[in-house]
Every structure is written in structure tokens, then in C-alpha cells.
Visitor: 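One structure is given below, represented as C-alpha cells, and several questions about it will come after.
Here the structure is a predicted model, which is why all the values come from computation and not from measurement. Below, chain A is the first sequence line, B the second, and so on; all start at residue 1.
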There are 2 protein chains.
Amino acid sequence: MTHGAVAVPGRPTLEEVARLAGVSRATVSRVINASPKVSPEVQTAVEAAIAELNYVPNRAARSLVARATMSIALVVPEDAHRFFGDPYFADIVQGISDRLDASDYVLNLQLAHPSSPTEKTRRYLLGGNVDGALVVSHHSGDHFLASIGEALPVVFGGRPMHARGASGRPTDYYVDVDNRLGAVQGTRYLIDSGRRAIGTITGPQDMPAALDRAAGWRDALHEAGLSDERVAHGDFTEESGARAATELLDRHPDLDAIFVASDAMASGALSTLADRGHNVPRDVAVVGYDNSRYATRGPIPLTTVAQPTKEMGIVMADTLLRLLAGEKPKRVSLLPTELIRRASA
Amino acid sequence: MTHGAVAVPGRPTLEEVARLAGVSRATVSRVINASPKVSPEVQTAVEAAIAELNYVPNRAARSLVARATMSIALVVPEDAHRFFGDPYFADIVQGISDRLDASDYVLNLQLAHPSSPTEKTRRYLLGGNVDGALVVSHHSGDHFLASIGEALPVVFGGRPMHARGASGRPTDYYVDVDNRLGAVQGTRYLIDSGRRAIGTITGPQDMPAALDRAAGWRDALHEAGLSDERVAHGDFTEESGARAATELLDRHPDLDAIFVASDAMASGALSTLADRGHNVPRDVAVVGYDNSRYATRGPIPLTTVAQPTKEMGIVMADTLLRLLAGEKPKRVSLLPTELIRRASA
DNA sequence: ATGAAAGCGCTAACAG
DNA sequence: CTGTTAGCGCTTTCAT
């Protein structure tokens with residue numbers, strides 16, 4: 001345990017402010033904490049002193065008495081590369097950061113490499129180093145997270161995770177986008193454009209997000225009395241999208257539209273379509289999902305379902321903040337998606 | 001200022017441990033801080049008590065007296081997307097995180113969106129909330145960072161930044177990779193393989209890293225008595241690489257190897273080479289730089305110069321830790337690069 | 001509306 | 001080697 005206390009020159013203390021303003025420390029504390037019971041004169045005097053001294057409260061001292069650390073952990077049980085490489089996470093973190101900027105809390109990044117023992121992270125979280133935790137991951141929040149939820153306010157972000165606690169009650173707090181509704185939106189748009197033979201390329205069948213999107217596609221179709229037989233499965237990658245499109249085209253030559261569960265797959269599908277001489281969107285319309293780089297990078301800009309990812313981060317942080325403030329926020333927040341119209345449909 | 005102190009059930013205090021172990025608080029403190037002057041018996045007794053109570057020291061209290069926050073800021077004056085999207089940063093952060101895991105310090109992520117006012121971040125850093133700061137960015141660390149360096153131990157990471165302080169002395173601490181040496185390695189490899197007409201595709205001429213790599217290429221050539229006339233400039237993008245390769249081929253039909261300053265550009269060059277019917281590596285050998293996704297993604301795996309990026313993060317953190325411990329670490333650490341042999345050369 | 005006093009949990013002299 | 005005594009900088013009753 002190294003205690004590298006680098007002597008900070010002269011950070012002013014509350015006491016000095018009090019002296020300069022000619023009041024007691026308690027009074028200074030009151031104006032700092034915006035107590036209503038301070039006379040205007042004293043108030044301004046103290047504020048002047050604070051400004052002059054460039055005073056900033058000592059967080060540690062405050063934490064000590066407030067019994068709160070005023071910091072929350074951002075737990076990332078994900079390989080650093082996956083985490084950083086994914087624009088989805090970038091947006092979430094941006095949102096979290098933005099929301100927290102407007103609060104007194106700071107973010108403690110907790111890279112919980114999935115490989116190495118989680119024990120340290122557990123100890124950290126449970127050790128009272130943070131007042132709450134935000135967990136973002138594509139993975140399901142296994143046992144590890146289930147347990148911390150009992151000792152610490154936690155809100156999960158990202159695709160749906162573990163179902164419900166062993167206790168049977170809806171577990172923890174989380175925010176997610178409404179994948180199903182997003183898929184409905186995308187598919188409806190296709191229907192409204194007059195398409196009738198609408199297929200889908202799904203994501204892996206063991207991922208909730210993929211399942212939900214397929215379900216949404218089906219919902220919209222049923223709602224319009226259309227057939228939901230044109231289905232091919234992919235795994236969210238570009239190549240799988242190309243393959244699935246081939247399959248779809250072979251089996252359903254009448255196909256006039258495809259709702260694809262990810263932009264990457266849609267991009268692959270576009271290649272296949274081009275190879276086979278189908279004009280997009282004239283012959284076959286394509287709607288993607290994610291509004292990722294793929295949506296704008298290719299030759300044909302993708303009409304796609306966008307997720308309010310940054311907003312998710314904001315809501316996550318906000319939910320945790322409310323929890324910490326003793327309020328009772330919603331346990332699950334499902335954010336709406338938005339259809340971005342571009343050239344492919 | 002919301003003080004959402006959620007009543008933590010019963011986190012044991014040092015005092016309780018002392019009572020259980022039948023010693024004074026000071027003694028408990030001593031074993032916690034591994035003081036050498038504690039009798040074995042007492043030591044084990046205290047440890048037992050700690051274990052039984054599942055005691056974890058209160059960071060705030062400790063910070064208060066130690067006059068250190070035991071946390072360091074990771075400042076990212078970069079757009080969140082660029083930051084997260086870049087595998088380079090992912091590795092650095094992983095390294096930082098790893099090194100910090102082995103210390104008592106925690107990481108405070110400070111997303112300093114370049115757009116919005118830096119004032120808040122400045123205040124945060126200068127407000128004694130952290131004991132030191134790590135700054136990672138591709139940008140030069142302008143005025144903002146110059147100023148914080150005077151009030152707080154700071155170590156910069158990433159490509160070289162601002163030259164030296166107004167004071168004239170070498171400014172701050174930083175760690176970088178030795179771009180020049182890396183280029184020498186890559187070029188030497190080409191020379192050792194028997195290539196003689198070795199060209200280069202450089203990065204933008206206003207970036208230190210690009211300049212250094214070009215210089216290294218030149219160094220190696222001179223060292224071998226070879227001509228350094230085969231040069232074309234790119235801007236680190238794939239397209240620019242393709243263009244530059246065309247230029248090179250047109251002007252120097254005898255070209256038998258290219259040292260390319262980035263994998264992305266090398267990838268572009270590969271396309272050009274293929275289009276023109278040159279076999280790689282038989283006719284023209286190609287060495288890239290970065291060991292990025294481009295190096296393995298294309299049809300011909302790239303031989304490339306890899307940077308020990310994660311190591312950089314480790315060294316950054318380590319340097320700051322030493323600084324905080326009152327030691328005198330090196331002001332600049334240049335990490336060596338490594339040549340990764342694949343198919344292109 | 002304000003001040004005095006007590007104490008958050010811990011470490012650090014200073015005695016013994 | 002170990003206990004006692006003071007605080008670190010702040011908030012917070014409790015008086016006034």
C-alpha cells in the first residue's frame with residue numbers, strides 16, 4: 001500500500017473561507033449546500049470569499065460524514081476490445097458521462113476483464129468504494145451481477161440480461177431499447193411502401209435482441225395479414241447477411257423486401273442483391289437495424305432502425321441517480337427506436 | 001447538491017475490528033498498512049478479525065488523513081466515438097487498467113468532449129479530486145493540458161504532443177512508441193530479404209508519427225547504402241494508400257518493396273498492386289504499420305510493425321504511480337516496436 | 001439566522 | 001511492539 005501523498009500546495013479549506021468571510025464554518029457549509037436559512041448578506045459574503053480563495057470542497061471529507069462516496073462504478077464485464085470497438089458502447093458511455101456531469105458523482109471505470117477472476121471487482125464494488133454501479137455488456141449478467149445487486153444499487157444497460165432473480169421477483173433495474181417495437185416500425189414502413197413479400201434476416205437465435213426483432217417483424221406482418229414465411233438466419237455479421245440473402249432469394253424468388261436485423265447483415269445482403277442483379281430499392285427494398293457505420297458506408301445508404309443509444313446511457317445514469325437519491329425509479333425502461341429513412345427502402 | 005446517502009447496513013469499521021481482536025485501533029491500522037512492527041500473534045489475530053467481519057477500510061477516511069484521493073483521472077479530450085472506436089485506445093486503457101488494478105488507485109474516466117467547455121474538467125482536475133491524471137489523445141495537448149501539468153502530476157500517452165512548455169524545459173511526462181525505430185525495423189526486414197528498390201508511402205506530413213516513420217525508413221536505407229527516392233504521401237487512409245501506390249509504381253517501375261506507414265494504407269496499396277498484376281510478395285513486398293485489423297482482414301495478411309500499445313498504458317500508469325510515490329521516473333518513455341511477419345513480405 | 005461542539009473512520013506522532 | 005492522543009475537512013444537531 002503506497003501512500004503517495006504529494007503535498008498539495010495550499011488548497012483552501014472551509015475554515016479559511018469562514019475566516020475570510022468572518023463567519024463560522026457551519027455557515028459556510030450551509031451556503032455551500034444551499035441551505036435555505038442563510039441571510040442574503042452573509043450568503044454573498046461567503047460566496048465572495050469562496051470565489052476569492054478559489055475554494056473547492058474536499059470530497060473525501062464530505063464523503064466521510066455523508067457516508068457516501070459520491071462516485072459510481074461503470075462496470076464493463078467485457079473484453080476491452082469489444083467494448084471499445086463497439087460504437088454502441090461509445091454512445092452509452094457518452095450518455096452516462098453527460099448525465100453524470102450534471103451531478104456530483106464521478107465515474108469509476110471498472111474494466112472487469114471476463115477472463116481474470118471477478119473477485120477483485122466484486123470486492124471493490126462491495127467494499128463501499130462506490131455508491132452504485134452501472135453495468136453495460138452484451139453478455140448476460142450472470143451470477144456475479146446478481147449478487148452485487150443485493151448489496152448495491154445497480155442498473156444494467158444493454159440488451160436484456162438475466163431473466164429474474166432466484167427470488168422470483170423482477171431482478172434489478174435495467175434500461176434497454178424496445179427491439180420488438182423497432183422491428184415493427186421498420187417492417188411497417190416496408191408494408192406502407194407497398195411491399196408484400198417481406199422477408200427477414202435474423203440474428204443468432206440465442207440472443208434476446210435478435211429474437212425480439214424477429215418477433216417485431218412477425219407482429220407487423222400479422223397485423224397486415226401478410227405471410228411470415230420468408231425467414232433466414234444470420235449471426236449479425238456481414239458475411240452471414242450475404243449468405244442469408246442468397247438463401248432467401250433462392251427460396252422465395254418473389255421477395256420484394258427484407259427487414260434485416262443488423263446493418264452489417266444488411267450490408268452483406270446488399271452485395272448479394274447487387275450480384276444477382278436486383279436493384280435496391282426498386283426490386284427489393286432493404287431495411288437495416290442499428291444505424292451503424294454500415295448504414296452510411298456502403299454504396300446504397302441504408303434505411304435503418306436507429307436506437308437512442310446515448311439516451312440509454314442518460315437514462316441509466318438517471319435511474320441510478322434517482323435510486324441513490326432514495327426515489328423509486330422504474331425498474332425497466334424501454335426506449336423507443338426511430339426509423340431513419342435513406343435510400344435502400 | 002443531492003446527498004443521496006443510502007443507508008449502508010453495517011459496514012464494519014476499524015474500531016470494531018480492534019474490539020474483536022482485542023487490540024487498539026492503531027494496531028489494526030498497522031496491520032492493514034503492513035507496518036513491520038507488529039507481533040506475529042497480534043497480526044494473525046487482527047487478520048482473523050478482519051476476515052470474520054469482512055472488513056474493508058473506508059477509502060474516504062483514509063483519503064482525508066492521507067491527503068490523497070487514491071484515484072487518478074483518465075482524461076480523454078477526444079470525441080467519444082473516436083476514442084471508443086480506436087483499438088489503439090482500447091489497448092492503452094486496458095494497460096492502464098491492468099496496472100492500476102495492482103495498485104490502490106482507481107480510475108476516474110473524464111470524457112472531456114472537445115466541443116463543450118473544458119472548464120468543468122479543469123475545475124475537476126484542479127479541484128483536488130484526483131491525485132494525478134493520465135491524458136490520452138491523438139490531438140496535441142494544447143494550452144488546457146499545459147496548465148494542468150503545473151498543478152497536478154500528469155502523464156501523457158499517445159503520439160507525441162506539445163513540444164515543450166513556455167518555460168523552455170521539456171514539458172511533462174509522456175510515453176510513446178518509437179516510431180522511427182519501428183520503421184527502421186520494418187525497412188531493414190525488407191532489405192534483409194534482398195529487396196533493393198524500396199519505396200515508402202508516408203502518412204500526413206504534419207503528424208509527428210508519420211514524419212518519424214518516414215525518417216526511420218530513410219535511416220535504414222542509408223545504412224544499407226540504398227536510395228531513398230521512392231516516396232509517395234498518403235494520409236493514413238486506405239484510399240490514399242491505393243493512390244500513393246499507383247504513383248509509386250508509375251514513377252518507379254523497378255519498385256520491389258514498399259514500407260507503408262499504416263496498415264490501412266498498406267491495404268489500399270495491396271489493391272493497387274493486385275489490380276496491376278503484381279504478385280505480393282513475389283514482385284513487390286509490402287510491410288505495413290500498426291498491426292491493426294487491416295493487417296489480417298485482407299486477402300494477403302500483412303507483415304507489419306506492431307506497437308506495444310497495451311504496454312504503453314501500463315507504462316503510463318506506472319509512471320504516474322511513481323510520480324505519486326515521490327519517485328523520479330523518466331520524463332519520456334519510448335517503447336520499442338515489434339515486427340510481425342505475415343505473408344506480404 | 002448563526003455559532004459551538006461533536007464526530008464520520010482512519011492514520012500518525014508520541015509515549016510507554 | 002502497542003496504546004493514547006490528536007486531528008484530516010466537513011456536516012450537523014443543539015443551543016442561542
Visitor: So what does Val28(B) touch, heavy atoms closer than 4.0 Å: a base, only the sugar-phosphate, or nothing?
Guide: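 Here Val28(B) touches no strand at all.
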Visitor: For Thr13(B), which contact category applies under a 4.0 Å heavy-atom criterion: base, sugar-phosphate, or nothing?
Guide: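 If one applies the 4.0 Å heavy-atom cut-off, Thr13(B) turns out to touch the sugar-phosphate alone, with no base involved.
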Visitor: Can you pull out the residues from residues 49-61 of chain B that lie within a 4.0 Å heavy-atom distance of DNA chain C?
Guide: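 Here the set is Tyr55(B), Pro57(B), Asn58(B), Ala61(B).
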Visitor: Below 4.0 angstrom from OP1 or OP2 of dC8(D), is there any side-chain N or O of Ser63(B)?
Guide: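 The answer is no; no side-chain N or O of Ser63(B) sits under 4.0 Å from OP1 or OP2.
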Visitor: Under the salt bridge (Lys or Arg N to Asp or Glu O under 4.0 Å) definition, can you give me all pairs with a residue in residues 42-57 of chain A, not counting sequence neighbours?
Guide: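 Qualifying pairs: none.
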Visitor: Could I get the full list of side-chain contact (heavy atoms from CB on, under 4.5 Å) partners for Arg30(B), not counting sequence neighbours?
Guide: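 With neighbours one apart ignored, the set is Ala26(B), Thr27(B), Ser35(B), Val38(B).
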Visitor: With rounding to the nearest 0.5 angstrom, report the CZ to CZ distance, Arg67(A) to Arg11(B).
Guide: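 One finds 10.0 Å between CZ of Arg67(A) and CZ of Arg11(B).
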Visitor: What's the closest nucleotide to the side chain of Arg62(B) if the choices are dT11(C), dG3(D), dG9(D)?
Guide: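 My answer, after comparing the listed nucleotides, is dT11(C).
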Visitor: At a cut-off of 3.5 Å, list every protein nitrogen or oxygen paired with a nitrogen or oxygen from nucleotides 13-16 of chain C, distance to 0.1 Å.
Guide:
from, atom 1, to, atom 2, distance (Å)
dA13(C), N6, Arg30(B), NH2, 3.4

Visitor: DNA chain D: stems of at least 3 consecutive Watson-Crick or G-U pairs, cut-off 3.5 Å?
Guide: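 So far as stems of 3 or more pairs are concerned, DNA chain D shows C:1-11 with D:6-16, C:13-16 with D:1-4.
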Visitor: Got a second to check how far Met316(A)'s CE is from Ser333(A)'s OG, nearest 0.5 Å?
Guide: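 Met316(A) atom CE to Ser333(A) atom OG measures 10.5 Å (nearest 0.5 Å).
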Visitor: In Å and rounded to the nearest 0.5 Å, what is the OH to CD1 distance from Tyr105(A) to Ile72(A)?
Guide: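 Reported value, rounded in 0.5 Å steps: 8.5 Å.
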Visitor: Quick one: does Asn33(A)'s side chain have a donor or acceptor within less than 3.5 Å of a partner on Ser29(A)'s backbone?
Guide: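 Checking the backbone N and O of Ser29(A) against the side chain of Asn33(A), a donor-acceptor pair under 3.5 Å is found.
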Visitor: If only atom types and distance count, is the side chain of Ser63(A) paired as donor or acceptor with the main-chain N or O of Arg59(A) below 3.5 Å?
Guide: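 Present.
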Visitor: Return the value, rounded to whole Å, for the distance between atom CD1 of Ile32(A) and atom C1' of dT12(D).
Guide: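 The distance from CD1 of Ile32(A) to C1' of dT12(D) comes to 14 Å, rounded to the nearest Å.
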Visitor: What is the separation between atom CD on Glu15(A) and atom P on dC10(D), rounded to the nearest whole Å?
Guide: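 Those two atoms, CD and P, are 9 Å apart.
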Visitor: Roughly how many Å is it from NZ in Lys37(A) to P in dG3(C), rounded to a whole number?
Guide: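 So the NZ-P distance, Lys37(A) to dG3(C), works out to 15 Å.
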Visitor: To the nearest 0.5 Å, what is the distance between CG (Leu100(A)) and CG (Leu320(A))?
Guide: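 These two atoms lie 8.0 Å from each other.
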Visitor: Taking the side chain of Ser29(A) as its heavy atoms from C-beta onward, which of dT11(D), dA1(C), dG9(D) lies nearest to it?
Guide: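 Within the option list, the nearest is dT11(D).
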Visitor: Taking only the side-chain heavy atoms of Val38(A) (C-beta and beyond), determine which of dT2(C), dT11(D), dG3(C) contains the nearest atom.
Guide: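 Selected nucleotide: dT2(C).
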Visitor: Any side-chain heavy-atom pair from Val136(A) and Val76(A) closer than 4.5 angstrom?
Guide: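 Val136(A) vs Val76(A): side chains touch.
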Visitor: To the nearest Å, how far apart are Glu41(B) CD and dT2(D) C1'?
Guide: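 Rounded to whole Å, this separation is 12 Å.
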Visitor: Return the nearest nucleotide to the side chain of Arg25(A); candidates are dT2(C), dA5(C), dG3(C).
Guide: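 Nucleotide nearest to Arg25(A)'s side chain: dA5(C).
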Visitor: Of all residues at least two apart in sequence or in a different chain, which pass the side-chain hydrogen bond (donor to acceptor under 3.5 Å, both in side chains) check with Asn108(A)?
Guide: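 Only Ser71(A) meet the side-chain hydrogen bond (donor to acceptor under 3.5 Å, both in side chains) criterion with Asn108(A).
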Visitor: Asp104(A) CG to dC10(D) P: how many Å, rounded?
Guide: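 Answer to the nearest Å: 14 Å.
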Visitor: So does Thr27(A) get a side-chain nitrogen or oxygen closer than 4.0 Å to the phosphate oxygens (OP1/OP2) of dG3(C)?
Guide: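 Looking at the OP1 and OP2 atoms of dG3(C), one of them is under 4.0 Å from a side-chain N or O of Thr27(A).
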Visitor: Starting from P on dG9(D), measure out to CG on Asn129(B) and report it in whole angstrom.
Guide: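 After rounding, the reported distance stands at 15 Å.
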Visitor: So, does Thr319(A) use its side chain to make a donor-acceptor pair with the main chain of Val315(A) at under 3.5 Å?
Guide: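 Yes, Thr319(A) side chain to Val315(A) backbone: donor-acceptor pair under 3.5 Å.
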Visitor: Considering only side-chain heavy atoms of Leu14(B), which listed nucleotide, dT11(C), dT2(C), dG9(D), is closest?
Guide: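 Among the listed nucleotides, the one closest to the side chain of Leu14(B) is dT11(C).
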Visitor: Roughly how far apart are Lys310(A) NZ and Leu335(A) CG, rounded to 0.5 Å?
Guide: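 Spacing of NZ (Lys310(A)) from CG (Leu335(A)) equals 13.5 Å.
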Visitor: Between dT11(C) atom P and Leu64(B) atom CG, what is the distance in whole Å?
Guide: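 Answer to the nearest Å: 11 Å.
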